[in-house]
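This report concerns only the one structure given below.
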Number of protein chains: 2
Amino acid sequence: MAINRKMDFQADEIALADFAKAIAHPARIAILKILAQQKSCICGEIVEGLPLAQATVSQHLKELKVIGLIKGTIEGKTSCYCIDWEVFNAFVGQFGVFAELAQNAPNQSQSCC
Amino acid sequence: MAINRKMDFQADEIALADFAKAIAHPARIAILKILAQQKSCICGEIVEGLPLAQATVSQHLKELKVIGLIKGTIEGKTSCYCIDWEVFNAFVGQFGVFAELAQNAPNQSQSCC
DNA sequence: ATTATATATCGCAAATATACGATATGAAAT
DNA sequence: ATTTCATATCGTATATTTGCGATATATAAT
């Protein structure tokens, strides 16, 4: 790979790709589902709900936290996580860009497949 | 990594993660944007629109094609790609799962962050 | 038939992601 | 103060992704 190719793409393309990357793993999807259900947001129970070691789950949680999809607070001895719906919905909303581009396209008919 | 961990997750979690992985790169987002605009779906022009070598773009196109997000047909000397909106919209729609889980959650109040 | 052009595929190097044991950290209980 | 428990971080092995030159393939033009 060459040196930082990222600069060659637009900021919104990079942002959407980064969001996709953050959820591009079944474990992280599973974590979000658990948090959405709020069955519990205590870290330990998330670990129990997944077929992965504690260290691995902690790593996945960190990835989701870094990009802002989840928030985490320390409650005494335990850690507590939950979805930041504002961030989550903002990301999902970005998929609308494609439909918009399609609608504003000048030549709808020129389709070859 | 251990041997096929994938089996430990649910089918829908794997499917959504695979979709996310397919678009988890700025180049693939950029390709989808170009196709959405239908500025042209000829492979060569996609290559010109991206800061990547032809071989690399071809590889990205293949990834999008394998997962079904785009369709490709050969038109004489050139190749022509376009978005499969049915597949695309189906994938995007899957994000609704999280909101549904949140709505059906029994204990909305128990939030610790 | 030969050549030019467009695209796909191969092979490899480098970068990144994933998994997990071991260990660190820090609060709570004893 | 020491131990226990929950979680985070480190180090490292392995797997996957990315990028690209070289090459194959196949159509169109000469």
Side-chain angles (χ1 to χ4, degrees), chain A residues 1-9 13-14 17-31 35 40-67 70-82 112-113, chain B residues 1-9 13-14 17-31 35 40-67 70-82 112-113:
Chain A
M1 204 199 285
I3 14 90
N4 216 351
R5 279 272 175 209
K6 273 199 173 183
M7 286 312 150
D8 299 314
F9 296 101
E13 292 166 352
I14 295 166
D18 283 345
F19 164 63
K21 207 176 294 178
I23 59 172
H25 194 291
R28 293 194 290 274
I29 297 283
I31 288 170
L35 293 182
S40 140
C41 37
I42 292 133
C43 177
E45 299 188 32
I46 296 171
V47 172
E48 276 173 33
L50 299 178
L52 296 170
Q54 178 266 322
T56 309
V57 174
S58 191
Q59 205 170 277
H60 284 303
L61 284 166
K62 193 183 179 183
E63 282 181 75
L64 290 171
K65 199 176 177 184
V66 163
I67 203 160
I70 66 175
K71 291 178 285 188
T73 55
I74 299 170
E75 297 255 329
K77 201 155 54 172
T78 68
S79 264
C80 190
Y81 288 99
C82 63
C112 47
C113 46
Chain B
M1 207 200 282
I3 12 90
N4 217 351
R5 279 269 175 214
K6 274 199 171 184
M7 286 312 150
D8 298 315
F9 295 100
E13 291 166 351
I14 295 166
D18 283 345
F19 164 62
K21 207 178 294 178
I23 58 173
H25 193 290
R28 294 194 289 274
I29 298 283
I31 288 170
L35 294 181
S40 143
C41 39
I42 291 132
C43 175
E45 301 189 31
I46 296 171
V47 172
E48 278 174 31
L50 299 177
L52 297 170
Q54 177 267 322
T56 309
V57 173
S58 191
Q59 205 170 279
H60 284 302
L61 284 166
K62 193 182 180 183
E63 281 180 77
L64 290 171
K65 198 177 178 182
V66 163
I67 204 159
I70 66 175
K71 292 179 285 190
T73 56
I74 298 170
E75 297 255 330
K77 200 155 54 170
T78 68
S79 264
C80 191
Y81 288 100
C82 62
C112 48
C113 45

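Protein chains get the first letters and strands the later ones, always in sequence-line order, with residue 1 at the start of each.
Note: CD (A:Gln59) to C1' (C:dA17) measures 8 Å, nearest angstrom. Put simply, CD1 on A:Ile42 is 13 Å from P on D:dA8, counting in whole angstrom units. As rounded to whole Å, 11 Å separates atom C1' of D:dG19 from atom CZ of A:Phe9. For the pair B:Ile31 CD1 and D:dT18 P, the computed distance is 11 Å after rounding to whole Å. The nearest whole Å value for the distance from the NZ atom in A:Lys62 to the C1' atom in C:dC20 is 16 Å. In this structure, the CG atom of B:Leu52 is 16 Å from the P atom of C:dT7, given to the nearest Å. Rounded to whole Å, atom P of D:dT17 lies 9 Å from atom CZ of B:Arg28. One can place NZ of A:Lys21 at 15 Å from P of C:dA15, the figure rounded to the nearest angstrom.
Once rounded to the nearest 0.5 Å, the distance linking CD of A:Gln54 with OG1 of A:Thr56 reads 8.5 Å. A distance of 9.5 Å separates NZ in B:Lys65 from OG in B:Ser58, rounded to the nearest 0.5 Å. Rounded to the nearest 0.5 Å, atoms CD1 (A:Ile31) and CD (B:Glu13) are 10.0 Å apart. A:Lys77 NZ to A:Ile42 CD1: the interatomic distance, rounded to the nearest 0.5 Å, is 13.0 Å. The structure places CD1 of A:Ile46 at 7.0 Å from CD1 of A:Ile70, a figure rounded to the nearest 0.5 Å.
For C:dA8, its base sits under 3.5 Å from the side chain of B:Gln54 at one donor and acceptor pair at least.
Between A:His60 and the phosphate of C:dA17, there is no side-chain N or O to OP1/OP2 separation shorter than 4.0 Å. In terms of phosphate contacts, B:Tyr81 brings no side-chain nitrogen or oxygen within less than 4.0 Å of OP1 or OP2 of C:dA6. Contact between the side-chain N/O atoms of B:Ser58 and the OP1/OP2 oxygens of C:dT9 is not found at any separation under 4.0 Å.
Backbone-only engagement by B:Thr78 is indicated by non-hydrogen atom pairs under 4.0 Å involving sugar-phosphate atoms exclusively. Nucleic acid contact for B:Ile74: none, since no nucleic acid atom lies under 4.0 Å from a heavy atom of the residue. Across all strands, A:Glu63 comes closer than 4.0 Å only to sugar-phosphate atoms, never to a base (heavy-atom distances).
For B:Cys43, counting side-chain heavy atoms from C-beta on, the closest listed nucleotide (C:dA8, C:dT9, D:dT18) is C:dA8. Listed nucleotides: D:dA6, D:dG19, C:dA19. Nearest to the side chain of A:Lys77: D:dA6. Nearest to the side-chain atoms of A:Thr56 among the listed nucleotides D:dT27, C:dC20, D:dC20 stands C:dC20. Among the nucleotides C:dT9, C:dA8, D:dT18, the one closest to any side-chain atom of B:Ala55 is C:dT9. Among the nucleotides D:dG19, C:dT18, C:dA28, the one closest to any side-chain atom of B:His25 is D:dG19.
Take the nearest nucleotide of DNA chain C for A:Ala53 and for A:Glu75: the residue whose nucleotide is more 5' is A:Ala53.
Side-chain atoms of A:His60 and A:Leu50, non-hydrogen and from C-beta on, never get closer than 4.5 Å to each other.
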